[in-house]
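Lettering of chains follows the sequences in order, A, B, ..., and the numbering in each one begins at 1.
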Amino acid sequence: MQQPSDIASTSLIVVKLDVPDTVKSFDCGDEDLNDFILHESPLYRKEKLAVTYVLKEADDIANEHITAFFSLSNDRISISDFDNKTKYNRFSRRFNNHKRLKSYPAAKIGRLAVHVSAKGMNVGSMLLDFIKRYFTADNKTGCRFITVDAYSAAIPFYLRNGFVPLNDDDIDEPTRLLYFDLNDLDED
Amino acid sequence: MRIYKNKKIMARPIKETPILYGEDARRFVARMQEKRRISQEERARINANYELVLGMLKRGEALKQQRHATAV
Ligand SMILES: CC(C)(COP(=O)(O)OP(=O)(O)OC[C@H]1O[C@@H](n2cnc3c(N)ncnc32)[C@H](O)[C@@H]1OP(=O)(O)O)[C@@H](O)C(=O)NCCC(=O)NCCS
């Protein structure tokens with residue numbers, strides 16, 4: 001694996017995109033993911049649904065040559081005592097009671113992609129490592145899991161990085177929900 | 001949104017995390033209680049990558065503030 005020091009000496013920076021910021025061009029090899037960063041991410045940002053971070057050269061002020069991006073939001077994993085959704089819905093309609101649901105706080109990677117020119121150089125894994133530690137090192141509000149809505153082509157990449165599928169309901173869908181347990185990083 | 005063959009196409013929305021029921025819920029809770037630990041080597045790599053990217057983020061935010069200050 002490439003050592004972080006290989007890119008430590010470069011002038012790469014990470015910035016959080018603000019509401020007026022846009023990305024001018026990006027190609028990760030997937031049209032849908034490109035469209036997300038070029039056109040959709042500002043909408044998520046404006047509505048405060050997700051924040052996008054870009055990795056780029058320090059002199060790329062207009063975001064014309066970004067290397068990678070990732071979008072983060074608050075999330076939770078909820079588990080129910082019920083066997084299925086129908087039983088749960090019937091119960092909660094009748095009693096208007098959500099107590100039979102237990103939730104664990106999580107942070108969600110909505111989208112993450114690496115430019116075609118930087119693929120396979122461990123940039124994606126480096127960003128995942130950062131995200132995992134970011135939420136444990138600075139666990140301000142409690143966060144147990146990292147979830148990700150992963151494009152099916154990228155699933156092997158997430159499995160290699162310790163993520164597992166939440167269930168098999170979305171096995172044939174274009175994206176799947178996977179998660180990483182931050183307790184896996186504990187030292188004891 | 002992009003135009004493809006004269007049609008407007010929206011990027012796929014970020015999917016909601018589903019509620020887990022039945023066997024899925026049981027498997028999830030069981031796995032949560034298992035003790036899995038990453039290797040020392042992996043931990044060292046994660047920590048190094050965290051420090052590296054955190055440095056990039058701090059540099060990025062400082063540059064942004066600098067530019068903002070000179071623009072005002
Ligand atoms: C998926 C993605 C985020 C991975 O980022 P990356 O920086 O290229 O990945 P890394 O270099 O950190 O890869 C880490 C490991 O995962 C593996 N991997 C990466 N992408 C993979 C993929 N799509 N399928 C299988 N394995 C993959 C790598 O081989 C590597 O293993 P290694 O350490 O044994 O060499 C990136 O390729 C991307 O943005 N893809 C978006 C476009 C897309 O999904 N296209 C579909 C075809 S890949």
Listed by chain and number, what are the side-chain hydrogen bond (donor to acceptor under 3.5 Å, both in side chains) partners of B/N47, not counting sequence neighbours? A/R133
Highest number of heavy-atom pairs under 4.5 Å with chain B: which of A/L43, A/D75, A/N84? A/N84
Looking at CD of B/E42 and CG of A/L185, how far apart are the two atoms once the value is rounded to the nearest 0.5 Å? 8.5 Å
So, the part of A/V54 with a heavy atom under 4.5 Å from chain B: the answer is neither
Should the heavy atoms of other residues, nucleotides or ligands under 6.0 Å from NZ of B/K64 be counted, would the total exceed 12? yes
When A/L12, A/I13, A/V14 are each screened for side-chain contact (heavy atoms from CB on, under 4.5 Å) with B/V53, the one that passes is A/V14
Part of B/L63 lying under 4.5 Å from any heavy atom of chain A: side chain
Return the option, out of A/L128, A/D169, A/D18, with the maximum number of heavy-atom pairs under 4.5 Å with chain B. A/D18
Heavy-atom proximity to chain B below 4.5 Å, by part of A/K108: side chain
Relative to chain B, which segment of A/R76 carries a heavy atom at a distance below 4.5 Å: side chain, backbone, both, or neither? both
Chain B-proximal positions within residues 145-155 of chain A [heavy-atom distance under 4.5 Å]: A/F145, A/T147, A/D149, A/Y151
Atom CG of A/D184 and atom NZ of B/K35: how far apart are they, to the nearest 0.5 Å? 12.0 Å
Ignoring hydrogens, what is the shortest heavy-atom contact between B/A25 and A/I79? Give both atom names and the distance. CB-CB, 4.1 Å
Which region of A/E173, side chain (C-beta onward) or backbone (N, CA, C, O), has a non-hydrogen atom less than 4.5 Å from a non-hydrogen atom of chain B, or is it both or neither? side chain
Heavy-atom pair of closest approach, residues A/F130 and B/N49: CB-O, 4.4 Å
Does B/Q65 CD have over 12 foreign heavy atoms under 6.0 Å away? no
Whether the side chain of A/K132 engages the backbone of B/I46 through a donor-acceptor N/O pair (distance < 3.5 Å, no angle test) should be reported. no
Which pair of heavy atoms, one from A/V15 and one from B/E61, lies closest together, and at what distance? CA-OE2, 3.8 Å
Looking only at B/L54, B/T17, B/D24, the option with the highest number of non-hydrogen pairs under 4.5 Å against chain A is B/T17
In terms of heavy-atom pairs under 4.5 Å with chain B, the winner among A/L127, A/L49, A/I61 is A/I61
If one checks every heavy atom of A/L55 against chain B at 4.5 Å, the contacting part turns out to be side chain
Examine distances only and state if a side-chain atom of A/Y53 and a backbone atom of B/L57 form a donor-acceptor pair shorter than 3.5 Å. no
I'd like to know if the side chain of B/R59 reaches the main chain of A/S11, judged simply by a donor and an acceptor atom lying under 3.5 Å from each other, with no hydrogens or angles considered. no
Carboxylate-amine/guanidinium contact A/D181 B/R36, below 4.0 Å: yes
Examine distances only and state if a side-chain atom of B/R12 and a backbone atom of A/L33 form a donor-acceptor pair shorter than 3.5 Å. no
